Each structure stands twice: as structure tokens, then as C-alpha cells.
Number of protein chains: 2
Amino acid sequence: MLTDRQRDVLGFIQREQRERGVTPSTREIQQHFKLASQTSVMQYIAALERKGFLDRQARKARSLVTAMQKVRITDIPIYGQIPAGMSVLTEQTVEGHVSLDTASVNASKNGRTFALRVRGDSMIDAHILDGDVVILEDRKEVRSGDIVAALIDGETTLKRYVLERGRPYLKAENPLFPNLVPAQELLIQGVMVSLVRKHLPATPRRRI
Amino acid sequence: MLTDRQRDVLGFIQREQRERGVTPSTREIQQHFKLASQTSVMQYIAALERKGFLDRQARKARSLVTAMQKVRITDIPIYGQIPAGMSVLTEQTVEGHVSLDTASVNASKNGRTFALRVRGDSMIDAHILDGDVVILEDRKEVRSGDIVAALIDGETTLKRYVLERGRPYLKAENPLFPNLVPAQELLIQGVMVSLVRKHLPATPRRRI
DNA sequence: AGCAATTATGTTCAAATGAACATAATAAGA
DNA sequence: TCTTATTATGTTCATTTGAACATAATTGCT
């Protein structure tokens, strides 16, 4: 797909962006590769753009070459609680952010992505611990077996969504916690796509 | 710490960087806030920089204002295997990258941070699954109870480091796997600080 | 040999951009 | 009231930077 030289140039751009936070100017690229002419760089950029490896804010003179880096980072807000529908989500309720490259998040393009901090051990058999940050997606289709954030009694809880004989219920992944059969309606707020754990150092944990 | 206006400007810069991938030029900031003079922006930038909210590539004309956003992102290389000491780590063996904000990583400033993709279920009782990306730190002090990547027979494995009566051994967090008592030397490559899981959608998993 | 894509050079231009300087209104505090 | 920080305006300059044009060497393919 790419020639060696083109790959080198792309690599340099990505590295610079990662390390300096800004993409290099065409002339900086020129200097790095010890090219006598800046036009060479223009040609590389054109090729890389044509092949879809670069995305530019064309014409605008600034840091014009922004690497459509394979590691595109999504900034995911962590909510403490989700009061009602996703529509009510404002910046106010944000507890923090997780920034993660899209490759690590299992998210599709459709839904909005957000995160919740897990409270309690009700999902411990699904290997989700108290304190874990679960990344969810506000998605339409929920399949049986998905781990979801659902609204129960005005509280958001994380459970496994199970369809049994056409009827959905919420399964806790811990024998000590009851399953929840929705009385009327079941409001699914998001489907789990990823998880981020901040590991506590040297704290021996036991299974409960 | 910041005035309302300064906070607005900082917010705009951060938002632009997130959404467009590039920080705005001073004149773009000027236009957004409908300021008649670009100098106003220069003053805001100076103030924000003085107070430590901005980090610039001064003089260099480009996308000069790069937000030292509170969510500083570390780019962590994922290694397939770690052949020997950390010193041998080259770009070649890199399998990919995880990009994560430093707040989510439990890393200190001392050590180098890297990641490994977990193979197998030997740590399942510590809630670390096959396929998880474990983020580790090349650190000096290892404490009993830490989960570590260690070199055993030329292979890197993830185990819990336990000190018992002054003698260290490596404990698998799965009764089906044996503990490892080092014959001679124990080479610890890193201590686990975080974990990133890409959750597979709707794949009912069983405990093994 | 002929053709196309890639790689490379040299030159020139216009636009984008950070920087500097003088000046002034407003608000807060001593 | 005096002082200081913040906010704001207007102007000018030097650099940075992307873009365009003509030209040519190299490589691979037909």
C-alpha cells in the first residue's frame, strides 16, 4: 500500500505528533529527511492523503498535517450516575474523563460513548471489580448476554442483560446479588464495550 | 485560579483540539470571541501559560498553543513478548499502542511504562482475562502481592509476586496453574499498574 | 524503448501567524 | 485616591508555512 519512503514520512509525522503534541510543518519534515526541496514533502503528503493515511486541514496554514493516526483518541466522559435518559447528560454530571485510543475501545460509530465507575461487587464473576471504569455505548440493539447499564429505581446499575423465553431480565454476576426482573419497562442506558482498571499496587485481593 | 474569561478561552482551545485535532491560531480564537484585536488573545495565552494551563512551542509559528490538558495522554507500547531485559526493547517488537490518560494509569514518574497482551487464563482469579492488555511499569521496588511480568524460561508471564519467609515465588491466580519457584534468579520486567479490556460484545462467558 | 509512478530539486508567491508596541477602559484592592 | 491586574483595541513587522510551477533522475513494468 505504501512505499518504504512514504511509510517513513508517515511514521515521522505520527511520532512528532505523539511526542511534541503538534504535527511538523512541511519544512520540518524536509529538514528531518535532509531533503533539498520542500516540494518533495508536499508530494509525500499528497500521496499519503490520497491513500487515506493522512487527514489535513487543507489550505489553512497551521499545523496542517494532522495524522489520521491509527491511534485516534476518544475522550470519554465518566458519569457518576445517569439520572434519566442519555438526553439529559450534561457536562455538569461529569466526574472525569478517560482518554483512550479508539482501537482499544470496542465502540461503533453510531452510538455515543460514555463511562461509568463501577460501585460494588455485583459483577465480580464477570471480572468487573469495584472501582473499574466501564466504557459503554448508547446503542440501539441490545443482545442477550450483553453487559449493560440500566436504570433501576432511579439508579444506574451494571448488569448482564439476558433474554429468556422472550422476557428480559438483568442478571447480577455474583450469587450474592439478586437478579432483577423489570416490573414494567427496562431502560438500557448503554452496552459495555471496554473496561479500564486502575490497579491498586500490592493490595492482596480475595475472591468474595 | 483562573478568571471566567480565561477559563472560557482555555475551554475553547481544548475543545478545538479535541474536535479538530489541532489547536486554533490566535486569530481563530480572536474571531470566536469576537475580539477586535488579536493582541487580546496573546494576553490570554500569556496568562494561561503563566498559570501553567497552557504549554506552547513558543516562537514557532505553527499550532503554537497546545493545551497541556489536565488529561495528559501517555502512549504505551504493547509488546508481544519481552525477550530479555527492558534495555532490549526496540520499536520492532511493538505489537500496538494503548493511549491512555495519565490519571487512569497508576504509573509513577520513575519507571518506563509498557503493556502486554495477556495470554491464557492463569490470572483469572485476579480478574485478568485472556486478551486483556495489562499496563506495567518497569520499577525497582516490587512488593509482595504485586502482579508482575516476569521472565521464565525465555518467556514473559504474568503472575503474582509473593514473598514467603523471605523467599519469592510466582503465584498463578488460577488453581489449574502451578506456582513457580525460581530456581536461581527472578527477572521482574514490570509491575502491573493498570488494565484495559476490550469487551467482546454479547459473548456469554463462563467461569472456568 | 517507452511509459508511468515515485522521488527529488530549485524557485517564487501569497496567506497565515506569532510577536511587539502604544493606548485605554474597567474592576478590585489597599 | 492610587495602584494593579484584567480586558480590550489598533497597527505594524518578520517569519512561518502551504502552494504552485518547471524540471529531472530513478525504478519497475510492458
Side-chain angles (χ1 to χ4, degrees), chain A residues 1-70, chain B residues 1-70:
Chain A
M1 194 64 185
L2 289 182
T3 66
D4 288 352
R5 201 76 166 129
Q6 287 170 354
R7 193 179 308 279
D8 287 348
V9 174
L10 179 62
F12 175 69
I13 294 172
Q14 291 176 328
R15 215 174 324 129
E16 285 291 298
Q17 178 164 67
R18 238 189 282 147
E19 289 168 10
R20 305 194 191 261
V22 198
T23 51
S25 70
T26 53
R27 270 155 181 105
E28 284 175 340
I29 300 174
Q30 176 197 349
Q31 284 167 32
H32 178 263
F33 288 98
K34 301 194 204 309
L35 293 169
S37 170
Q38 168 239 9
T39 311
S40 308
V41 179
M42 297 299 284
Q43 286 167 117
Y44 284 120
I45 290 176
L48 288 169
E49 198 178 8
R50 177 164 37 83
K51 296 184 179 180
F53 287 83
L54 276 188
D55 218 5
R56 303 198 302 158
Q57 229 100 330
R59 194 72 59 162
K60 298 236 162 185
R62 239 160 326 137
S63 77
L64 329 103
V65 200
T66 179
M68 181 192 85
Q69 72 260 64
K70 275 286 172 292
Chain B
M1 193 63 184
L2 289 183
T3 67
D4 289 352
R5 200 76 167 132
Q6 288 171 353
R7 192 179 310 279
D8 287 349
V9 173
L10 178 63
F12 175 69
I13 294 171
Q14 290 176 329
R15 216 176 321 129
E16 285 291 298
Q17 177 164 68
R18 240 188 280 150
E19 290 169 10
R20 305 194 192 260
V22 198
T23 50
S25 71
T26 52
R27 272 158 182 101
E28 286 175 339
I29 300 174
Q30 174 196 352
Q31 283 167 33
H32 178 263
F33 288 99
K34 300 195 204 308
L35 293 169
S37 170
Q38 169 239 8
T39 311
S40 306
V41 178
M42 296 298 285
Q43 285 167 118
Y44 283 120
I45 290 176
L48 288 168
E49 199 180 6
R50 176 164 37 82
K51 295 183 178 181
F53 287 84
L54 276 188
D55 217 4
R56 301 197 303 158
Q57 228 98 331
R59 194 74 57 164
K60 300 235 159 187
R62 236 161 327 133
S63 75
L64 328 101
V65 201
T66 180
M68 179 193 88
Q69 70 256 68
K70 274 286 173 290

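Order of the sequence lines sets the chain letters (A, B, ...), proteins ahead of strands, with each chain counted from 1. Predicted, not measured: the structure shown is a model, and the values here were computed from it.
- Atom C1' of nucleotide D:dA8 and atom CD of B:Q38 are separated by 13 Å, given to the nearest angstrom.
- Dashed line: the shortest gap from a side-chain N or O of B:Y44 to OP1 or OP2 of D:dT6 is not under 4.0 Å.
- Neither OP1 nor OP2 of C:dA5 sits under 4.0 Å from any side-chain N or O of A:R5.
- Atom C1' of nucleotide C:dA16 and atom CD of B:E28 are separated by 10 Å, given to the nearest angstrom.
- Side-chain atoms of A:T26 and A:Q38 form a donor-acceptor pair, as typed in the model, at a separation below 3.5 Å.
- Within the structure, a side-chain polar atom (N or O) of A:Q6 is placed less than 4.0 Å from OP1 or OP2 of C:dT7.
- For the pair A:I45 CD1 and D:dT17 P, the interatomic distance rounds to 12 Å; values are reported in whole Å.
- Taking the six-membered ring where the residue is Trp, B:F12 and B:F33 present perpendicular rings, their angle passing 60° and hence far from 30°.
- Residue-to-nucleotide proximity on DNA chain C shows that, of B:T39 and A:A36, the 5′-proximal contact is made by A:A36.
- Summarising the geometry, the separation between CD1 on A:I13 and P on D:dT17 is reported as 14 Å, rounded to the nearest angstrom.
- Residue B:T3 places at least one side-chain N or O closer than 4.0 Å to OP1 or OP2 of D:dT7.
- In plain terms, the two heavy atoms of B:P24 and B:E16 that are nearest each other are CD-CB, 3.7 Å.
- Between D:dA8, D:dT6, C:dT9, one nucleotide has an atom nearer to the side chain of B:L35 than all others, and that is D:dA8.
- Atoms CD (A:E49) and C1' (D:dA19) sit 13 Å apart, rounded to a whole Å.
- With the nearest nucleotide of DNA chain C identified for both B:S37 and A:K34, A:K34 has the one nearer the 5' end.
- Within 4.0 Å of B:S40, counting heavy atoms only, lies at least one base atom of the nucleic acid.
- Base contact: B:R27 has a heavy atom under 4.0 Å from a base atom.
- In this entry the distance linking CD1 of B:I29 with C1' of C:dA16 reads 14 Å, nearest Å.
- If you measure from atom CD of A:Q30 to atom P of D:dT16, you get 13 Å, rounded to the nearest angstrom.
- Between D:dT6 and B:R50, a contact under 4.0 Å exists linking OP1 or OP2 to a side-chain N or O.
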Assess whether side-chain contact (heavy atoms from CB on, under 4.5 Å) is satisfied between A:R56 and A:I45, documenting all intermediate values. CA-CA 9 Å; A:R56 303 198 302 158; A:I45 290 176; 3.4 Å; yes
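- Here D:dA8 presents its P atom at 14 Å from NE2 of B:H32, a figure rounded to the nearest Å.
- Scanning all heavy atoms of the two residues, the minimum distance from A:A47 to A:Q6 falls at CB-NE2, 3.4 Å.
- Ranking C:dA19, D:dT9, D:dA19 by closeness to the A:R56 side chain, first place goes to D:dA19.
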